[in-house]
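Written out below as structure tokens is the structure these notes cover.
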Amino acid sequence: MGRGTESVTPEQRRWLKVQMLEQELKEARRSREANTNSAPPAVADLPEPADLLNQLKARRKKWRADLADVEAVLDVLAELGT
């Protein structure tokens, strides 16, 4: 019997598994933090109020909001982004 043919004990397997799972958890936490720290879309990325209103009316024929409503929504979104 040569060296290197030693068997791994169940305790060693469990320890290795725990180490692997801890590493996966660290990576998942880093990924989650990176996603939460990403910046919201800039106000410049939002469409013009009139364009947005036209898009909404095209999708929803019975849309009852007017341009002032859309401007108010965009203002709220801008405030949330800052």
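Remember, it's a predicted structure, so these values are computed and weren't measured experimentally.
- Under the salt bridge (Lys or Arg N to Asp or Glu O under 4.0 Å) criterion, Arg14 pairs with Glu11, sequence neighbours left out.
- Within 6.0 Å of atom CD in Gln55, more than 12 heavy atoms from other residues, nucleotides or ligands are found, so the atom counts as buried in its surroundings.
- Side chain of Asp69 to backbone of Asp66: a donor-acceptor contact under 3.5 angstrom is found.
- With Val73 as the fixed residue, the side chain to side chain contact (heavy atoms under 4.5 Å, CB included) test singles out one of Val70, Leu77, Asp75: Leu77.
- Smallest separation of non-hydrogen atoms from Lys57 and Ala65: CE-O, 4.3 Å.
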Requested in this report: Before giving the answer on side-chain contact (heavy atoms from CB on, under 4.5 Å), spell out for Glu22 and Gln19 the whole-Å C-alpha distance, their side-chain angles and the decisive distance to 0.1 Å.
Outcome: CA-CA 5 Å; Glu22 285 177 347; Gln19 296 300 312; 3.8 Å; yes
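- Counting Ile, Leu, Val, Met, Phe, Trp and Tyr side chains that sit under 4.5 Å apart, directly or through other members, Leu16 shares a hydrophobic cluster with Trp15.
- Once rounded to the nearest 0.5 Å, the distance linking CZ of Arg13 with OG of Ser7 reads 7.5 Å.
- We find the CG-NZ distance between Leu21 and Lys26 to be 12.5 Å, quoted to the nearest 0.5 Å.
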